[in-house]
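Because the structure is a prediction, the values reported are computed rather than measured. Just so you know, ligand 1 is whichever comes first in the structure, and atom 1 is the first atom listed for that ligand.
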Amino acid sequence: MKTQVCIIGGGPSGLMLSQLLHLKGIDTIVLEKQSREYVLGRIRAGVLEEGFAKLMREAQCGERMDSECEVHHGFEISDNGVLQRVDLTKHSGGSSVVVYGQTELTRDLYEARDRMGGKVIHNVEDVVLHDLSADTPPWVTYRDGDEIQRIDCDYVIGADGFHGVSRKSIPREVLREYEKVYPFGWLGVLSRTKPVSPELIYARHARGFALCSLRSQVLSRYYIQVPLTDTVEDWSDEAFWEELKRRLPKDVAAALETGPSIEKSIAPLRSFVAEPMRWGNLFLAGDAAHIVPPTGARGLNSAASDIYYLYHAMLDHYHNCDDTGLDQYSQKALARVWKAQRFSWWMTSLLHTFPDSAEYDRKLQDTDLAYLFSSDRALGSLAENYVGLPF
Ligand code: FAS
Ligand code: PHB
């Protein structure tokens, strides 16, 4: 097979780029390790920046999002039971965020690829990237049952997530990795219940962090911080709901509608960045290059800016014979990635209980929160990061 851009990974990053390039007449093939059902079974991000929503519309995939999403102008922070609201729209100069699940937007992207005859190959095995740095064009192989298939292309996009093959295809002597692992994880539950609050509640509590989020007015998403040693089996639905209530303001806990979990999982928290995001004709995008703790809702949104930069760089290459965007991609993407890393680390440090932290550190958290709500400038900084820094 031959294509212009071979994309490894059929998650939101890979699908979004494939769809955007297709609309501009640039041919792609997407290789996905899992089945479509498996990919669509993942419950992940819930909050989108306006920039992400604009990309969905530009990819002609925004219709269902615009009809089903919620636009949020703020969220609450609960500090040991005391609620304070962060007015995102006021402190960001008019911006807001879109609440629409990653599962749904991935479904929308898959359906658009199908509608336009996009080539997405599922259940691929043993993907290998060849001649990435050579002056000759790269090529990709994968196993399809007993056969080895080959795809010749101009460029390879590594959109295959943290555990993918692309980042590992960059030589050790070239790749630099930066990582911070947090001493806790998030236990997440999805339930067909009415959300306890119209806006998200980020809760700091001596027992640990909690988050009240939603997917719609009949589908709620909740998280509690748990030790890394915990497993999903340690947490019955009843135990989860009781612990969540302990970490919320009393009136919120009293109003909480509980119900059976339809999804329950534990995600470890890490901050991770791989540099460079380009090596020869390989470009990394999304979780393949960077991971953030989900506290700042930056994960999926950082993938969006990578895709935006790559999309415009590929247009300039194929339509204007201008490779400036490709040559500057890694530096430009990393500049925004690191700002999302900083914000995600800050929100995580502010709101979580660190098992080995000194009393002094806890007083600093108290002070950080007190300062935040005493200063419009501090709230402005939080708001502009949360709604998304410019692409
Ligand atoms: P993805 O990991 O989504 O997609 C990569 C795709 O590549 C996968 O489908 C995988 O099957 C495929 N793949 C892997 N190896 C391959 C190979 N060798 N060959 C072919 N295909 C291969 N972000 C938030 O903003 N808020 C959240 O609450 C949040 N929660 C999260 C919870 C979990 C458990 C995880 C893992 C992430 C979470 N994230 C969250 C971040 C998440 O939303 C990512 O940012 C988003 O999935 C990034 O999308 P992709 O870059 O497409 O990577
Ligand atoms: C979610 O709804 O899954 C969600 C929302 C905001 C976050 C993290 C997760 O910061």
- Gly299 heavy atoms, cut-off 4.0 Å: which ligand 1 atoms fall inside? 23 (N), 25 (O), 45 (O)

From the candidates [options], the one that places a heavy atom nearest [atom]:
| atom | options | answer |
| --- | --- | --- |
| atom 14 (C) of ligand 1 | Val124, Leu300, Asp160 | Asp160 |
| atom 40 (C) of ligand 1 | Ala45, Gly286, Ala288 | Ala45 |
| atom 4 (C) of ligand 2 | Val292, Leu211, Val97 | Leu211 |

If we only consider heavy atoms of [X], is any one of them less than 4.0 Å away from an atom in ligand 2?
| X | result |
| --- | --- |
| Ile43 | no |
| Trp186 | yes |
| Met347 | no |

Could you list the atoms of ligand 2 found under 4.0 angstrom from a heavy atom of [X]?
| X | value |
| --- | --- |
| Tyr202 | 6 (C), 7 (C), 10 (O) |
| Val47 | 5 (C), 6 (C) |
| Ala297 | 6 (C), 7 (C), 10 (O) |
| Leu200 | 5 (C), 6 (C) |
| Arg44 | 3 (O) |
| Pro294 | 7 (C), 8 (C), 10 (O) |

- Message: Under 3.5 Å between any N/O of Thr295 and any N/O of ligand 2: does that happen in this structure?
- Response: yes

- N or O pair under 3.5 Å between Arg221 and ligand 2: no

- In terms of the angle between their ring planes, are Trp186 and Tyr223 parallel, tilted or perpendicular, with boundaries placed at 30° and 60°? tilted

- What orientation do His352 and Phe209 show, parallel under 30°, tilted 30 to 60°, or perpendicular over 60°?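 Answer is parallel, since the angle falls under 30°.
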
- Task: Of the side chain and backbone of Ile8, name the one, both, or neither that has a heavy atom under 4.0 Å from an atom of ligand 1.
- Result: side chain

Just by distance, with hydrogens left out, do [X] and [Y] show a side-chain donor and acceptor under 3.5 Å apart?
| X | Y | value |
| --- | --- | --- |
| Thr231 | Asp234 | yes |
| Ser96 | His72 | no |
| Arg336 | Ser305 | yes |

- Pick one: which of Val232, Leu187, Val226, Thr258 meets side-chain contact (heavy atoms from CB on, under 4.5 Å) with Phe240?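 One option only clears the test, and that one is Leu187.
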
Between [X] and ligand 1, is there a nitrogen or oxygen pair with a distance under 3.5 Å?
| X | result |
| --- | --- |
| Gln34 | no |
| Asp287 | yes |
| Asn301 | no |

- Message: Is there a salt bridge (charged side-chain N to carboxylate O under 4.0 Å, His left out) between Asp160 and Lys33? Walk through the geometry before answering.
- Response: CA-CA 9 Å; Asp160 46 354; Lys33 181 179 184 178; over 6 Å; no

